[in-house]
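Contents: one structure, followed by commentary.
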Amino acid sequence: SLFYFQEEMMQKEEQLSRQIVICHLILVMGIDADEANQLVAEIEQTGLIQFDQSGNLTVLMLEGQS
């Protein structure tokens, strides 16, 4: 059905966004894929980042006080 197809596409968008973040961490930090996966999972658990089904990434901005 159309609903199932749309849900599947949304899951793929979320996975793609996650993969992009993981690849970026690998390149920037010089870590391996397992470490990058673990880091993304930890950051997501703390609520600092969120992936929605549409593939959007939300990053919580923390501002320090001087």
Side-chain angles (χ1 to χ4, degrees):
S1 79
L2 181 60
F3 176 74
Y4 178 74
F5 176 74
Q6 288 175 332
E7 186 175 317
E8 186 176 309
M9 289 301 295
M10 292 171 84
Q11 288 174 350
K12 287 181 181 181
E13 291 294 327
E14 179 184 349
Q15 291 172 353
L16 180 59
S17 293
R18 190 178 306 276
Q19 296 270 331
I20 290 169
V21 171
I22 289 168
C23 289
H24 183 72
L25 292 174
I26 291 169
L27 287 171
V28 171
M29 297 179 70
I31 58 178
D32 66 30
D34 290 334
E35 291 173 313
N37 273 312
Q38 181 65 32
L39 183 57
V40 168
E42 290 174 5
I43 295 171
E44 194 171 10
Q45 285 177 350
T46 63
L48 294 176
I49 62 172
Q50 294 178 330
F51 299 93
D52 70 17
Q53 290 183 337
S54 298
N56 297 316
L57 170 65
T58 303
V59 179
L60 178 64
M61 299 297 289
L62 301 176
E63 296 183 23
Q65 296 181 356
S66 301

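All heavy atoms count here, side chains included; hydrogens, waters and symmetry mates do not.
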Salt bridge (charged side-chain N to carboxylate O under 4.0 Å, His left out) contacts in which one or both residues fall within residues 17-28, not counting sequence neighbours: Glu14-Arg18, Arg18-Glu44

Non-neighbouring partners of Leu27 that pass side chain to side chain contact (heavy atoms under 4.5 Å, CB included), sequence neighbours left out: none

side-chain hydrogen bond (donor to acceptor under 3.5 Å, both in side chains) pairs, two or more places apart, involving residues 51-60: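 Applying side-chain hydrogen bond (donor to acceptor under 3.5 Å, both in side chains) to every pair that reaches into residues 51-60, excluding sequence neighbours, yields Asp52-Asn56.
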
Inter- and intrachain pairs under side-chain hydrogen bond (donor to acceptor under 3.5 Å, both in side chains), touching residues 19-40, at least two apart: Gln38-Glu42

Co-members of Leu16 in a cluster of I, L, V, M, F, W and Y side chains, linked at under 4.5 Å: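 So far as hydrophobic clustering goes, Leu16 is joined with Ile20.
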
Smallest separation among heavy atoms of Ile31 and Ile26, with atom names: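 In this case the closest contact between Ile31 and Ile26 is O-CG2, 3.4 Å.
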
Contacts table for residues 3-11: side-chain donor-acceptor under 3.5 angstrom, sequence neighbours left out:
none

Test item: Leu60 and Thr46 side chains (from C-beta on) under 4.5 Å apart, heavy atoms: no

